[in-house]
Student: 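Below you'll find the structure I mean.
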Amino acid sequence: MKAVPHTALQICSLLKTNGELELSLAEFEVPQPADGEVLVRVEAAPINPSDQVLLFASADLDLNTLRATGSASRPVVTAQVPTGALGNMAARLGLSLPIGNEGCGVVVAAGHSPAAQALLGKTVAVIGGSMFSQYRTVPVEMCLVLPDGTEPADGASSFVNPLTALGLVETMRSEGHRALVHTAAASSLGQMLNRICLEDGIDLVNVVRKPEQAALLRSQGAKLVVDTSAPDFEEALLAAIDATGATIAFDAVGGGRLAGQILSAMEASLARKMTAFSPYGSPRHKQVYSYGLLDGGPAVLERGRFGMAWSFCGWLLTYFLEKAGAETVQRLKQRVASNLKTTFASAYTKDVSLAQALSREEIAIYSKRATAAKYLVCPNKDLCS
Ligand SMILES: NC(=O)c1ccc[n+]([C@@H]2O[C@H](COP(=O)([O-])OP(=O)(O)OC[C@H]3O[C@@H](n4cnc5c(N)ncnc54)[C@H](OP(=O)(O)O)[C@@H]3O)[C@@H](O)[C@H]2O)c1
């Protein structure tokens with residue numbers, strides 16, 4: 001086993017009071033694990049949209065406005081956050097925040113407790129924040145032990161997207177719905193959700209925004225895919241919702257008319273089955289959960305089109321896990337660990353070192369959050385490569 005250094009590097013994001021965002025590699029002292037803790041050498045961590053929220057703080061990431069200073073091994077990138085976006089970020093102004101929700105690595109040191117000692121040498125997935133870091137000390141409970149021989153890249157996305165995809169299905173079931181609608185459905189998470197629904201026999205209406213995304217999902221067995229760019233989108237959405245009886249949707253897009261179009265299609269489908277007219281529309285509850293903000297613009301809900309029994313509100317993995325209870329969470333984690341290379345597999349277009357993740361050119365690419373274009377940070381990859 002390699003010797004553990006005294007200091008290591010991590011990606012940090014500092015938002016200054018004047019709106020300047022500064023991304024850099026910060027050096028920190030590697031802490032020795034306490035009794036119930038382990039020290040993980042982080043080998044792979046995905047750059048998810050949720051990491052980018054903290055990393056970029058709504059800054060303008062145009063290649064012409066991003067500025068690079070520092071050296072090849074210690075890059076510093078600066079950008080400007082629009083003044084209007086600073087208001088709800090008051091609590092982070094002046095703080096240098098370590099980034100990275102989840103990742104995978106090898107336990108290289110452990111505290112005295114038997115549970116910690118048992119993890120020495122194991123490959124573990126961790127959700128604990130600060131994962132774009134060469135080393136991370138975490139409590140044993142934050143680790144998911146992966147089967148021997150698991151490659152860190154295969155375990156890097158073991159929590160955020162898999163547990164969210166499973167959480168959406170659990171939410172659907174617990175709220176009494178039998179089918180669901182999902183937007184930005186060709187995302188990594190959407191592809192996982194499609195596989196879960198195929199395995200579990202759940203009807204899923206996949207909403208995408210390009211024909212090639214529809215083709216990608218169909219090639220993976222998706223039965224119902226509708227494309228917002230098609231001229232007959234609203235008719236196709238209604239037909240798909242009609243065919244499934246879906247009354248719940250999970251929307252990752254956020255801004256624009258899409259959530260309202262889904263509620264309208266659900267209402268229109270239910271109205272077709274009503275035997276008596278009501279000025280309030282169908283009494284059946286229609287639910288859209290907004291769980292992503294890929295489009296940061298305002299959501300436009302054309303209120304008159306979906307009766308009175310509906311709601312539109314937020315959904316977050318953390319809140320779901322808090323409410324789900326330990327037994328459910330353990331069951332979901334176990335399903336993920338047993339199917340990491342199949343149902344819950346993630347693909348990455350590029351592995352980057354900590355320094356490469358802060359290059360202007362790479363930022364301009366991965367910040368687009370495009371289909372099949374996820375990056376993997378490998379914190380212990382050669383910093384200058
Ligand atoms: N609430 C939670 O707890 C939670 C947990 C996990 C994930 N999430 C959310 O789940 C979503 C998917 O995550 P991921 O890691 O799977 O993403 P990903 O693999 O990076 O894929 C992003 C997808 O979004 C599409 N997209 C990007 N901008 C869009 C826009 N303005 N309008 C419509 N589609 C757009 C992309 O399509 P194009 O190729 O057309 O750009 C791509 O298919 C994200 O919004 C993430 O924040 C939420």
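Reckoned from all heavy atoms, side chains included, excluding hydrogens, waters and symmetry mates. Ligands are counted one by one from 1 in listed order, and the atoms in each one are counted from 1 as well. Because the structure is predicted, anything quoted here is derived from the model rather than measured.
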Student: Quick one: look up the protein heavy atom nearest atom 24 (O) of ligand 1 and list residue, atom name and how far away it is.
Tutor: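 In this structure, atom 24 (O) of ligand 1 has L294 CD1, 3.2 Å as its nearest protein heavy atom.
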Student: Hey, does T164 come in under 3.5 Å of ligand 1, counting only N/O atoms on both sides?
Tutor: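 There is no such contact.
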Student: When the ring planes of Y291 and W315 are compared, do they come out parallel, tilted or perpendicular, using 30° and 60° as the limits?
Tutor: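 Ring orientation of Y291 relative to W315: perpendicular.
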Student: Would you say P49 and ligand 1 have an N/O pair spaced under 3.5 Å apart?
Tutor: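 In this structure, P49 places no N or O atom under 3.5 Å from an N or O of ligand 1.
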Student: What residue and heavy atom of the protein are closest to atom 9 (C) of ligand 1, and at what distance?
Tutor: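 Among all protein heavy atoms, the one nearest atom 9 (C) of ligand 1 is Y291 CE1, 3.6 Å.
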Student: Charged N to carboxylate O under 4.0 angstrom, E199 versus R335?
Tutor: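 Salt bridge between E199 and R335, a charged N being under 4.0 Å from a carboxylate O: yes.
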Student: Does either side chain, that of S157 or that of Y348, offer a donor lying less than 3.5 Å from an acceptor on the other one?
Tutor: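 Side-chain D/A pair, S157 to Y348: present.
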Student: Any salt bridge between R284 and E267, counting N to O under 4.0 Å?
Tutor: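 Here R284 does not pair with E267 in a salt bridge, since their nearest N and O are not under 4.0 Å apart.
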Student: Can you list the ligand 1 atoms lying under 4.0 Å from a non-hydrogen atom of L189?
Tutor: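 Close to L189: 6 (C), 7 (C), 10 (O), 16 (O).
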Student: Does this structure show an ion pair linking E234 with R257, if we count only N-O contacts that are shorter than 4.0 Å?
Tutor: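 The answer is yes: the pair qualifies as a salt bridge.
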Student: Polar contacts were defined as any N/O atom of the residue lying under 3.5 Å from an N/O atom of the ligand; does this apply to S188 and ligand 1?
Tutor: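 There is such a contact, yes.
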Student: Quick one: do R272 and D242 make a salt bridge, cutoff under 4.0 Å?
Tutor: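 Between D242 and R272 there is a salt bridge, with a charged N closer than 4.0 Å to a carboxylate O.
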Student: Can R195 and D200 be counted as an ion pair, charged N to O under 4.0 angstrom?
Tutor: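 Result for this pair is no, no salt bridge flagged.
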Student: Can you confirm, on distance only, whether ligand 1 has an N/O atom lying under 3.5 Å from any N/O atom belonging to K210?
Tutor: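 Yes: some nitrogen or oxygen of K210 is under 3.5 Å from one in ligand 1.
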Student: Are side-chain N/O atoms of R92 and S13 paired as donor and acceptor at under 3.5 Å?
Tutor: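 Yes, side-chain donor-acceptor contact under 3.5 Å.
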Student: Give the residue and atom name of whichever protein heavy atom lies nearest to atom 22 (C) of ligand 1, and the separation in Å to one decimal.
Tutor: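 Minimum-distance protein heavy atom for atom 22 (C) of ligand 1 reads R369 O, 3.2 Å.
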Student: Find all atoms of ligand 1 within a distance of less than 4.0 Å from any non-hydrogen atom belonging to G292, and give their numbers and elements.
Tutor: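 Matching atoms, with element in brackets: 45 (O).
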Student: As a check for students: among Q213, E212, Q52, R209, identify the option with a heavy atom nearest to atom 28 (N) of ligand 1.
Tutor: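 Nearest heavy atom to atom 28 (N) of ligand 1 lies in R209.
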Student: Out of all atoms in ligand 1, which are within 4.0 Å of some heavy atom of L316? Include the element for each.
Tutor: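 What qualifies from ligand 1 is 1 (N), 3 (O).
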Student: Need the ligand 1 atom indices (1-based, order shown) with element for anything under 4.0 Å from a heavy-atom of N48.
Tutor: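 In order of number, 15 (O).
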Student: Have a look at T371, I47, L317 and point out the one with the heavy atom closest to atom 3 (O) of ligand 1.
Tutor: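 Answer by nearest heavy atom: L317.
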Student: Just to confirm my output: which protein heavy-atom neighbour is closest to atom 11 (C) of ligand 1, and how far is it?
Tutor: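 Closest protein heavy atom to atom 11 (C) of ligand 1: A252 CB, 3.9 Å.
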Student: Could you check whether any side-chain N or O of K286 sits under 3.5 Å from a backbone N or O of A309, counting only pairs where one atom can act as donor and the other as acceptor?
Tutor: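 Yes.
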Student: Which ligand 1 atoms does A370 reach within 4.0 Å, using its non-hydrogen atoms?
Tutor: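 Answer for ligand 1: 39 (O), 41 (O), 42 (C).
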Student: In plain terms, say whether E22 and R67 are close enough for a salt bridge, that is, a side-chain N and a carboxylate O under 4.0 Å apart.
Tutor: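 Answer for the salt bridge query: no.
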Student: Which ligand 1 atoms are under 4.0 Å away from a heavy-atom of V160?
Tutor: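 Heavy-atom distances to V160 below 4.0 Å select 6 (C).
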Student: Whether the side chain of Q334 engages the backbone of Q330 through a donor-acceptor N/O pair (distance < 3.5 Å, no angle test) should be reported.
Tutor: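 Checked: no pair found.
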Student: Could you find the nearest protein heavy atom to atom 20 (O) of ligand 1 and give me its residue, atom name and distance?
Tutor: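 The closest heavy atom on the protein side is K374 NZ, 3.7 Å.
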Student: Nearest protein heavy-atom contact for atom 21 (O) of ligand 1: which residue, which atom, what distance?
Tutor: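 The closest heavy atom on the protein side is S187 CB, 3.3 Å.
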Student: For ligand 1, does N161 get within less than 4.0 Å through its side chain, its backbone, both, or neither, judged by non-hydrogen atoms?
Tutor: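 Only the side chain of N161 comes within reach of ligand 1.
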Student: Provide the number and element of each atom of ligand 1 under 4.0 Å from a heavy atom of V253.
Tutor: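 Numbered from 1, ligand 1 contributes 32 (N), 33 (C).
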Student: Do N206 and V226 pass the side chain to side chain contact (heavy atoms under 4.5 Å, CB included) test, and can you show the C-alpha distance, the side-chain angles, and the key distance before you say yes or no?
Tutor: CA-CA 6 Å; N206 295 281; V226 289; over 6 Å; no
